[in-house]
Amino acid sequence: MRGGRRVFPLLLLALLRGLCHGREPAPGAVTCGSVLKLLNTRHSVRLHSHEVKYGSGDGQQSVTGVEASDDANSYWRIRGKSEGSCQRGTPVRCGQAIRLTHVNTGKNLHTHHFPSPLSNNQEVSAFGDDGEGDDLDIWTVQCSGTYWEREDAVRFRHVGTEVFLSITGEQYGHPIRGQREVHGMAAANHHNYWKAMEGVFIKPSADPARHDEL
């Protein structure tokens, strides 16, 4: 019995550890440091930016939606609200504040109180240098579970102005003919659902060097 008494606490501890591991995210969770493309599920275009500035508003770098799946200007890196708040390989929780940094230009997804060029909603732009911008670069991930899973359609709500990252279908002419306007909308609706697509996903692992390329 004495031996059994000693074993029981060890078994209980092992069970509790197993339960804790059971709450860990599935391998399909989107993680900090991952580089990915985001597809608007309503309009089937990917979030995109490039070195073309708006001719209105604050004249910042434009953000659009493109149909092509192989455009290198559609990659965005998942980063924390501040340095150190989103460690590489850590799963992104629903409700977590993040920044989306455009890989090719180093600017952050941004919005502010300027009207968007085509729909007169709120302008969405890319802002900052080498991943550093300001407080208007911060968005929260809205999803239904504990973590942002790759298969989920999620919303991005802007912390500073409370709009949702959206597309409603308006198309630009020259010099970005056919690309869709991306803007902020006050209402949550079917125009502001996004899904993780192609990219390099850092696995939720103790080893940050491991990753899963898709």
Strictly distance-based, threshold 3.5 Å: is any side-chain N or O of [X] a donor or acceptor partner for the main-chain N or O of [Y]?
X	Y	value
R99	G80	yes
S34	I78	no
R46	L38	no
N192	A187	yes
D137	D134	yes
H158	L136	yes
Y54	V124	yes

Check whether any side-chain heavy atom of [X] sits under 4.5 Å from a side-chain heavy atom of [Y], and report yes or no.
X	Y	result
N121	P115	no
Q122	F114	no
D129	K107	yes
V141	C94	no
T31	V92	no

- Apply salt bridge (charged side-chain N to carboxylate O under 4.0 Å, His left out) to K195 and E149, showing your working. CA-CA 9 Å; K195 187 176 178 180; E149 301 286 346; over 6 Å; no
Linking directly or through intermediates, with side-chain heavy atoms under 4.5 Å: list the remaining ILVMFWY members grouped with V159, chain and number order.
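V159 clusters with I138.
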Please evaluate residues Q61 and T105 with respect to the criterion side-chain hydrogen bond (donor to acceptor under 3.5 Å, both in side chains), reporting the C-alpha separation (whole Å), side-chain torsions for both, the decisive distance (0.1 Å), and the verdict. CA-CA 10 Å; Q61 182 171 298; T105 63; 3.0 Å; yes
Where at least one partner belongs to residues 171-192, residue pairs that pass ring pair (Phe, Tyr, Trp, His ring centres under 6.0 Å), sequence neighbours excluded: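 Sorted result for residues 171-192: H43-H191.
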Please report the shortest heavy-atom distance between R180 and V45, naming the atom on each side.
->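 The pair with the smallest heavy-atom distance is CG-CG1, 4.0 Å.
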Looking only at non-hydrogen atoms, find the nearest pair between A29 and Y147 and report the distance.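 Closest approach of A29 to Y147: CB-CB, 4.5 Å.
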To the nearest 0.5 Å, tell me how far [X] [atom1] sits from [Y] [atom2].
X	Y	atom1	atom2	value
W194	L47	CH2	CG	5.0 Å
Q171	T64	CD	OG1	11.0 Å
H110	T161	NE2	OG1	9.0 Å
S116	E123	OG	CD	7.5 Å
R93	T140	CZ	OG1	15.0 Å
S69	L39	OG	CG	10.0 Å

- Take F156 and I98 through the side chain to side chain contact (heavy atoms under 4.5 Å, CB included) test and state the conclusion after the steps. CA-CA 9 Å; F156 299 99; I98 64 167; 4.2 Å; yes
| said: Just by distance, no angles: are the side chains of T101 and N108 close enough, under 3.5 Å, to form a donor-acceptor pair? | reply: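 Side-chain D/A pair, T101 to N108: present.
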**Prompt:** Is it true that the side chains of S119 and E170 contain a donor and an acceptor less than 3.5 Å apart?
**Reply:**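 No, E170 and S119 have no side-chain donor paired with an acceptor closer than 3.5 Å.
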Criterion side chain to side chain contact (heavy atoms under 4.5 Å, CB included) on M197 and S74, from CA distance to verdict
CA-CA 10 Å; M197 299 298 287; S74 299; over 6 Å; no
Check your understanding: Near E67 CD, under 6.0 Å, is it more than 12 heavy atoms from other residues, nucleotides or ligands?
Key ->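 For E67, atom CD is not crowded (no more than 12 foreign heavy atoms under 6.0 Å).
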Exercise for review: Begin from the C-alpha positions of V103 and W76 and carry the test side chain to side chain contact (heavy atoms under 4.5 Å, CB included) through to its verdict.
Suggested key: CA-CA 5 Å; V103 171; W76 301 82; 5.7 Å; no
_Which residue in the set H50, K53, H48, E51 passes side-chain hydrogen bond (donor to acceptor under 3.5 Å, both in side chains) when paired with S62?_
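Passing option: H50.
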**Asked** Think R42 forms a cation-pi with Y193, using NZ or CZ under 6.0 Å from the six-ring centre and within 45 degrees of its axis?
**Response**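 Output no; distance or angle outside limits.
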Inset, instruction - Show your reasoning for whether ring-ring contact (aromatic ring centres under 6.0 Å, His included) applies to F164 and W139. - result: CA-CA 9 Å; F164 294 92; W139 304 76; 9.4 Å; no
Step by step, would you call M185 with T168 a side chain to side chain contact (heavy atoms under 4.5 Å, CB included)?
CA-CA 10 Å; M185 298 184 71; T168 50; 3.7 Å; yes
